Protein chains: 2
Amino acid sequence: MPQRSPADRVRPVTLTDVARAAGVSQSTASRALNGSARRVDDELKRRVLDAANRLHYTANVQAQAVARGTTSTVALVVSDIADAYFSSMAASVMRAAEAYDLRVTVVVTERDVEREIELVREYRGQHARAVVLAGSGYRHSAETAELRRELEMFEATGGRVVLVSRSDLPFETVDLDNSGGARRLSSALARLGYRRFLALAGEEQLVATQDRIAGFRQGLRESGLELPEERVLYSEFSWEGAHAAVQTLDDDVLGATELVFAVNDEMALGAIAGLRTRGLRIPEDIAVAGFDDIRTLRDIVPGLTTVRVPLEEVGREVVARIATGEPGAEGRVIPASVVLRESTPRRN
Amino acid sequence: MPQRSPADRVRPVTLTDVARAAGVSQSTASRALNGSARRVDDELKRRVLDAANRLHYTANVQAQAVARGTTSTVALVVSDIADAYFSSMAASVMRAAEAYDLRVTVVVTERDVEREIELVREYRGQHARAVVLAGSGYRHSAETAELRRELEMFEATGGRVVLVSRSDLPFETVDLDNSGGARRLSSALARLGYRRFLALAGEEQLVATQDRIAGFRQGLRESGLELPEERVLYSEFSWEGAHAAVQTLDDDVLGATELVFAVNDEMALGAIAGLRTRGLRIPEDIAVAGFDDIRTLRDIVPGLTTVRVPLEEVGREVVARIATGEPGAEGRVIPASVVLRESTPRRN
DNA sequence: TTGTAAGCGTTATCAA
DNA sequence: TTGATAACGCTTACAA
């Protein structure tokens with residue numbers, strides 16, 4: 001491996017170098033290389049481009065940022081990048097961003113609101129063009145007020161704030177049809193003949209969780225069924241949380257359950273694993289449904305019934321709002337559609 | 001949503017503002033806020049910190065970067081962030097980076113070498129502290145020479161280059177025991193009674209692919225078995241590639257196969273899906289093994305036999321090499337261990 | 001220990 | 001259209 005002593009470390013080629021090599025002023029070089037309203041004489045432009053190529057010049061983005069006072073960085077804040085839901089969303093945002101020449105940088109909170117606040121602050125210092133909060137958000141949390149203040153400052157200095165699927169903060173939000181999707185799911189399940197449900201929710205104050213539970217309940221109600229509060233289990237919002245939750249469940253509670261609805265697929269999969277270690281077969285002994293339709297599901301047997309969230313569309317919508325600088329079509333909600341699979345067969 | 005006209009856009013608070021508010025010079029403020037060799041009088045320091053807090057000051061990282069000539073950004077270049085292998089690696093690198101106060105930014109190539117080259121160039125312009133290439137790498141590709149030149153320039157300007165599991169370029173590499181892992185896997189499979197294999201590889205020039213195939217073959221040879229070249233199927237290095245590959249396979253080829261070894265789990269899962277649509281049961285009709293032990297596997301039934309790559313360790317090793325500025329312990333190779341599961345039961 | 005002043009690599013203003 | 005020259009926000013000799 002070429003071990004390089006500080007001595008032979010090469011000074012990076014700067015715009016000044018290019019200008020000198022091309023025999024023009026720095027300003028002309030700048031105008032020729034990095035777009036600007038002004039036009040540059042073709043001949044000079046050629047010379048500058050030539051010199052830049054020859055010297056392998058590449059612009060110092062930080063210096064540009066300082067001079068311009070803005071960047072094209074979009075910070076995507078997620079809870080956990082190893083989670084299939086977030087990594088797919090990241091992929092879709094990145095893809096969409098390309099068209100607008102925006103740089104996306106993904107950053108992880110590990111579900112820590114303090115960390116979220118810190119990050120927003122940091123990105124204010126970086127003059128990020130936008131910050132996208134894709135995590136879940138806690139209703140009524142003490143820190144939420146602090147986060148809100150930080151976001152306001154971020155906006156005040158010219159940045160854009162976009163939230164995904166969380167209604168706990170007064171900023172532009174790309175809404176998913178959480179409650180509608182859950183409602184249609186429970187209706188469909190009722191039509192399949194299911195009557196006795198158990199719901200697996202994330203921590204109680206999680207916004208997305210609440211919406212999905214509420215929608216599920218409403219769908220049941222419309223079918224003349226019920227989801228009593230004691231049939232909603234709150235646990236950590238993760239595979240592990242759900243896994244542990246079903247393990248510690250009373251036998252009679254489980255015995256009285258025909259179908260377990262988890263507020264997202266990760267939890268549904270954790271629940272399935274937990275149920276199986278209890279000796280239950282899916283779906284013969286108990287049915288399971290989730291939410292999100294993460295990519296992982298293509299490999300799950302039996303196929304998991306879920307509600308599909310078109311993350312590709314989420315990415316496009318997020319980026320569109322940032323790029324246009326306008327609050328997207330008012331009230332545009334990303335649709336969510338029920339996908340029935342083998343984990344919830346028709347009941348006789 | 002608060003629509004903010006450019007008019008009431010607030011000028012960001014700068015170090016100068018803080019210094020003025022604290023009644024000290026800019027340099028003192030700088031020294032007090034952002035570490036420096038020099039010590040600042042406690043009283044003054046307190047005043048500066050106070051002022052900074054009061055004004056919600058946060059440093060402009062770009063300006064710091066310009067002034068210092070370096071950053072603490074590590075660019076992690078992966079093929080696809082929605083791929084479980086890469087997203088787990090990203091998570092592990094990020095976690096490890098925290099301890100050294102390095103900022104990780106993940107960026108995606110979509111398996112395009114051109115793009116990889118562009119990115120390295122861009123990160124040279126950003127004075128990134130390091131660039132980590134975690135994608136696979138093509139042996140002998142024409143563009144590899146170009147990529148190499150770009151990486152050399154990156155290093156020449158003071159950046160560090162770290163490769164993960166690719167031996168096609170002469171830079172510091174965190175090596176996985178690809179061939180050893182595959183060798184032990186095939187030995188174990190031979191011991192279980194398997195005799196007739198089919199290997200599913202990525203595109204022929206992919207380095208990791210070749211190493212794994214070679215190791216697998218060697219393990220068989222040591223057990224007195226063979227993997228003839230015509231039993232190695234090359235396809236796109238992805239779920240879809242493997243899925244398509246097994247679909248188009250001749251019936252007699254498949255009939256003569258007891259076990260399919262895919263060079264990574266994604267492909268193994270794609271193969272399983274493809275085999276199933278052909279009406280084959282896993283493992284009753286045909287056994288399958290993969291490589292990587294991605295997180296997804298915890299939900300796969302039957303459990304997939306694979307070779308575990310400890311990504312957590314990879315992340316630590318990558319970051320350690322960047323942070324220490326030294327080429328890690330010479331020849332340190334990340335171990336890879338066989339994990340036998342139900343997809344490859346003992347054969348009678 | 002503090003402050004002054006000169007950079008860092010760009011962009012933007014304003015004459016020429 | 002081009003080129004001096006002054007920003008941009010920060011760090012860091014160098015002097016005090």
Side-chain angles (χ1 to χ4, degrees), chain A residues 9-48 51-52 55-73 122-128 157-158, chain B residues 9-49 51-52 55-72 122-128 157-158:
Chain A
R9 172 171 159 176
V10 169
R11 191 178 58 76
V13 176
T14 73
L15 189 59
T16 316
D17 299 329
V18 175
R20 191 178 317 120
V24 300
S25 78
Q26 221 183 101
S27 346
T28 309
S30 169
R31 296 194 268 252
L33 286 171
N34 318 310
S36 127
R38 287 208 158 43
R39 257 247 319 266
V40 175
D41 182 82
D42 284 348
E43 159 62 7
L44 284 190
K45 184 160 190 169
R46 213 187 39 67
R47 262 162 53 194
V48 173
L55 301 177
H56 300 287
Y57 168 77
T58 148
N60 182 325
V61 201
Q62 344 259 12
Q64 292 184 314
V66 175
R68 296 207 254 249
T70 62
T71 67
S72 53
T73 299
E122 193 169 317
Y123 283 112
R124 170 159 61 88
Q126 290 201 24
H127 289 279
T157 52
Chain B
R9 171 171 160 174
V10 168
R11 192 177 59 76
V13 176
T14 73
L15 188 59
T16 316
D17 299 329
V18 174
R20 192 178 315 120
V24 300
S25 77
Q26 215 181 110
S27 359
T28 312
S30 167
R31 295 193 269 252
L33 287 170
N34 319 309
S36 124
R38 283 200 161 46
R39 257 244 322 263
V40 175
D41 182 80
D42 285 347
E43 159 62 8
L44 284 190
K45 185 163 187 164
R46 212 188 38 67
R47 263 164 49 197
V48 173
L49 261 47
L55 301 177
H56 300 286
Y57 168 76
T58 148
N60 182 324
V61 201
Q62 344 260 11
Q64 292 184 311
V66 176
R68 296 207 253 249
T70 61
T71 67
S72 55
E122 192 169 316
Y123 284 111
R124 170 159 59 91
Q126 290 202 26
H127 289 281
T157 52

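Since the structure is predicted, the reported quantities are computational estimates derived from the model, not experimental observations. In what follows, chains carry the letters A, B, and so on, assigned in the order in which the sequence lines appear, proteins first and then strands, with residues in each chain numbered from 1.
- The two residues A:Arg124 and B:His56 come nearest to each other via the heavy atoms NH1-O, 2.9 Å.
- Closest heavy-atom contact between B:Val18 and B:Ala52: CG1-N, 3.8 Å.
- Atom-to-atom, CZ of A:Arg20 to P of D:dT2 comes out at 20 Å; the value is rounded to the nearest Å.
- Here C:dG9 presents its P atom at 14 Å from CZ of B:Arg124, a figure rounded to the nearest Å.
- In terms of position along DNA chain C, the nucleotide closest to B:Gln26 lies nearer the 5' end than the nucleotide closest to the other residue of the pair A:Ala67 and B:Gln26.
- Checking the phosphate oxygens (OP1, OP2) of C:dG3, a side-chain nitrogen or oxygen of B:Ser25 falls inside 4.0 Å.
- Summarising the geometry, the separation between CG on A:Asp41 and C1' on D:dT1 is reported as 8 Å, rounded to the nearest angstrom.
- Here C:dC8 presents its P atom at 18 Å from CG of B:Asn60, a figure rounded to the nearest Å.
- Note on A:Ser27: a base of the nucleic acid sits closer than 4.0 angstrom, heavy atoms only.
- B:Ser72 meets the side chain to side chain contact (heavy atoms under 4.5 Å, CB included) test with B:Leu102, B:Arg103, B:Arg129; sequence neighbours excluded.
- Side-chain N/O atoms of B:Ser25 and B:Thr28 include a donor and acceptor closer than 3.5 Å.
- The phosphate of D:dT11 (OP1 or OP2) has a side-chain N or O of B:Ser30 nearer than 4.0 angstrom.
- Taking every heavy atom of both residues into account, A:Leu55 and A:Val13 meet most closely at O-CG2, 3.3 Å.
- Atom CZ of B:Arg31 is separated from atom C1' of C:dT1 by 8 Å (rounded to the nearest Å).
- Going from atom NE2 of A:His127 over to atom P of C:dT11 covers 16 Å, rounded to whole Å.
- Close to D:dT11, at under 4.0 Å from its OP1 or OP2, lies a side-chain N or O of B:Asn34.
- Salt bridge status for A:Asp42 with A:Lys45: absent, with no side-chain N to carboxylate O gap under 4.0 Å.
- An angle of 40°, rounded to 10°, separates the two end axes of the helix from C:dT1-D:dA16 to C:dA16-D:dT1, each defined over five pairs.
- One can place CZ of B:Arg68 at 12 Å from C1' of D:dG9, the figure rounded to the nearest angstrom.
- Judged purely by atom type and a 3.5 angstrom limit, B:Gln62 uses its side chain to pair as donor or acceptor with the backbone of A:Gln126.
- Where B:Gly23 and B:Val66 each meet DNA chain C at their nearest nucleotide, the meeting point lying more 5' is that of B:Gly23.
- Rounded to whole Å, the distance from CD on A:Gln62 to C1' on D:dC8 is 14 Å.
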